[in-house]
Number of protein chains: 2
Amino acid sequence: MLIKGVSLIQGGITVKGRDILIEGKRIEKIGRDLPCSRSDEILDGRGMLAVPGLINSHTHLAMTLFRGYADDMALMPWLTEKIWPLEAKLTSEDIRWGVKLGCLELIRFGITCYNDMYYYMDETARTTKEMGLRAFLSGVVFDSKPQFKAEAESFIKAWKDDDLIHPAVGPHAIYTCSAETLRWAADLAEKNNVVLHTHLSETEGEVQASMKDHGLSPVDYLDSLGLLSPRLVAAHCVHLSDKDISLLASRGVNVAHCPISNLKLAAGIAPVEKLLSAGVNVCLGTDGASTNNNLDLYEEMKVASVVQKNACSKSDALKASMAWKMATESGYKALGLDLGLREGALADLALINLRRPWFTPEASLISHLVYSMPGEVDTTIINGKVLMKGGVIAGEDEILVKAQERFEKLTA
Amino acid sequence: MLIKGVSLIQGGITVKGRDILIEGKRIEKIGRDLPCSRSDEILDGRGMLAVPGLINSHTHLAMTLFRGYADDMALMPWLTEKIWPLEAKLTSEDIRWGVKLGCLELIRFGITCYNDMYYYMDETARTTKEMGLRAFLSGVVFDSKPQFKAEAESFIKAWKDDDLIHPAVGPHAIYTCSAETLRWAADLAEKNNVVLHTHLSETEGEVQASMKDHGLSPVDYLDSLGLLSPRLVAAHCVHLSDKDISLLASRGVNVAHCPISNLKLAAGIAPVEKLLSAGVNVCLGTDGASTNNNLDLYEEMKVASVVQKNACSKSDALKASMAWKMATESGYKALGLDLGLREGALADLALINLRRPWFTPEASLISHLVYSMPGEVDTTIINGKVLMKGGVIAGEDEILVKAQERFEKLTA
């Protein structure tokens, strides 16, 4: 595939009129006037900006099926009265259409890989692969469902050599998993050399309970069990002491910052500037569409930045370039992905239409990507395959209809 | 014009398959299977949601030309080193293309009316009318440019009977206008029965200076000069005492809440829940694209809601329905506009494509409008005239090119 005449951002500078040659799954060459063989599919990139794929580093994709089902509620009534009763009725067919719906949305926002924790991971893996996206998938593990541990082990075996699907281990949180379960999860991830994914220090209540039960902050507690390492992606990390921040930094933990979900559930604002100053790798996630209520990392970048500026009383905090890095490079680092808009990298990228008012004047495109553009991209390519072109995704209408049917059946 | 088979939200409920008949500037009829005359233009509304026009209740539209020119800076260096030197060079030709660029963006976000304060109001008025939008325009007034007072008076005379353009009076703020100027502005607005538009209590520094200079909060000070009334639209109102809030409520003042600009400049979070509880009419604005950096009220609704929930530690604060009201009905009330999706109202509306993942499942469309959809609409109609259809605006490319040229000339 050859993308002709596209704009790129290289070292913060916009360069125009470049060609991108994709051979198989990888970017073969980036340059001017590249020759194309007769068999190459040609994409006209004029008036477009090519950007590397974004990474949604914390989500629960099948929950896209619950979007808007119950908003503006406190966390516990939302869970006990609305979400848990629905989840108790979920079948793998619901998961299938929920994941497809979520994949449509990720494609539309130019997100080429997501880091997920939920139920029915085999179905999620099959469906994601069918849709053509890249994913890190953890079947959620907690003590009240002991069978989830065995399922997590067999899921890793089944998928560990897949091209797009990366199995991972997902102990839910310190308040739903025993010390034994948490240690088991760390060992399993270590033994199989896969990502470990958990929720951490999301609410003040979680910190208080941990201090009461263990005499340790949630971060200290996880460290005492050996979970803090560069293979951990810890979602949220809202309530942290300075000591917690140092510990996360020294252990090389990756933090998945989810500002919109945290704000919407009134959970607080993560100390991102402090985490970054300490050298922590902070990436960006939307959390599930049931608490966000979308999967748009463009919106998430902007909210992360402006909310952090205000929280720090510093209008130069969390600059656009850092927000962009959190959604791209920091995600690649957290998950060990060979991505980026460079020769040799896996071909996950999006083309964005620059002929829109929010890109004018063309002063700083990174600023416009983060602060100005609504999230929709024009074209999304994953693993060298075009999944959306000119805003059209094959089969989208059927997915919307089927997802609606599943939702109506679940809530009938 | 007849819009066929569209969905509508009536009393919070979605109804489908309705027709909207527009005669001249007004909505003539809404119903099922309306007959059309041979001369009616037909718009296919199937798969679309019709919503009434949104009101951007505080902006500086020509500043869209400065989008992304200088981000991530503290307020004073941003003004003194970047914005003021640029503004000193502005010509009416720059205003023309800056306003056109802003109008493109408003149209794309389904915003049919904006409340503006800036320079060169005659050019702004002519250009806005040419673009077909509705606007309330105040030439900014402050003491260092005494000639602006005379210009404000002649601007009102010139435009007061216009169909789309509503002249207004815009004293900049208490820290740039003397007591005499503020009283003059209130009198001028009263005498001409027009809107009064100012910045109020935007920063902590403004409050401290007012206490020092006048022994009064900015709100008390404006009240002492007779400016607080239902004709006032007061932008920002971030730093308010409980007494200030009561006073704004008892005087019937309209507040234009601009949460993204406030966060991005680290100015604070307005006490919107308290204002609403006190009965204040709170509408929604983006501020200029130079501090936001776009004019997207969909994004503004979501940020207003989630940020307020967190600030109040209440996940049921500022619900989606209230955010939607702030962007619509509260704006109509503040500006005295006869708008809304109902028979007899002026025909300002947008059609939104529901065949998108962020509208699935179709649980609550108000929730999806506020929390899920990226801001772009499909079709925008103002004063009975179609300004965008299927995402296409006539003449857009020329405006983007000309705005870019003006920006390059200004910053050369």
Any chance you could measure [X], atom [atom1], to [Y], atom [atom2], to the nearest 0.5 Å?
X         : Y         : atom1 : atom2 : answer
Met73(A)  : Lys314(B) : CE    : NZ    : 13.5 Å
Lys264(B) : Lys309(A) : NZ    : NZ    : 6.5 Å
Trp78(A)  : Ser315(B) : CH2   : OG    : 10.0 Å
Thr291(B) : Tyr371(A) : OG1   : OH    : 12.0 Å
Asp71(A)  : Ser305(B) : CG    : OG    : 8.5 Å
Leu263(B) : Lys302(A) : CG    : NZ    : 10.0 Å

Side chain, backbone, both or neither of [X] within contact of chain B (heavy atoms, under 4.5 Å):
X         : value
Ala311(A) : neither
Phe109(A) : side chain
Leu101(A) : both
Asn292(A) : both
Glu362(A) : both

Check: Is any side-chain heavy atom of Tyr298(B) less than 4.5 Å from a side-chain heavy atom of Glu299(A)?
Finding: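 Side-chain contact under 4.5 Å: no.
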Check: Is any side-chain heavy atom of Arg356(A) less than 4.5 Å from a side-chain heavy atom of Arg108(B)?
Finding: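 Answer yes - side chains close enough.
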Checklist line | Heavy-atom pair count under 4.5 Å with chain B, highest-scoring of Leu318(A), Asn293(A), Leu295(A) | finding: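 Greatest number of close heavy-atom pairs with chain B: Asn293(A).
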Item checked: Pick from Glu396(A), Gln308(A), Arg355(A), Glu376(A) with the largest number of heavy-atom pairs that fall under 4.5 Å of chain B ->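 Ranked by contacts with chain B, first place is Glu376(A).
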Notebook entry, point to check: Ignoring hydrogens and geometry, is there a side-chain-to-backbone donor-acceptor pair from Arg67(B) to Phe359(A) under 3.5 Å?
Noted result: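 Not confirmed, Arg67(B) side chain does not pair with Phe359(A) backbone.
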Note to self: Quick check against the 3.5 Å criterion: does Ser372(A) have a side-chain atom that pairs as donor or acceptor with the backbone of Asn294(B)?
What the structure shows: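 Side chain of Ser372(A) to backbone of Asn294(B), a donor-acceptor pair under 3.5 Å: no, none is there.
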Determine the minimum heavy-atom distance between [X] and [Y], stating which atoms define it.
X         : Y         : result
Gly375(A) : Pro374(B) : N-CB, 4.2 Å
Gly268(A) : Asn310(B) : N-OD1, 2.8 Å
Ser367(B) : Gly68(A)  : OG-CA, 3.7 Å

Item checked: Between Pro357(B), Ala363(B), Ser364(B), the one whose heavy-atom pairs under 4.5 Å with chain A are most numerous ->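 When all of Pro357(B), Ala363(B), Ser364(B) are compared, Pro357(B) has the most.
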Check: Of the listed residues (Asp397(B), Val303(B), Asp72(B)), which shares the most heavy-atom pairs with chain A below a 4.5 Å separation?
Finding: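 Of Asp397(B), Val303(B), Asp72(B), Asp72(B) has the most heavy-atom pairs under 4.5 Å with chain A.
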Margin query: Heavy atom to heavy atom, less than 4.5 Å: which residues from residues 401-412 of chain B reach chain A?
Written below: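 Those residues of residues 401-412 of chain B which have a heavy atom under 4.5 Å from chain A are Ala403(B), Gln404(B), Phe407(B).
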Notebook entry, point to check: For Ala267(B), is it the side chain, the backbone, both or neither that has a heavy atom under 4.5 Å from a heavy atom of chain A?
Noted result: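 Looking at Ala267(B), just its backbone touches chain A.
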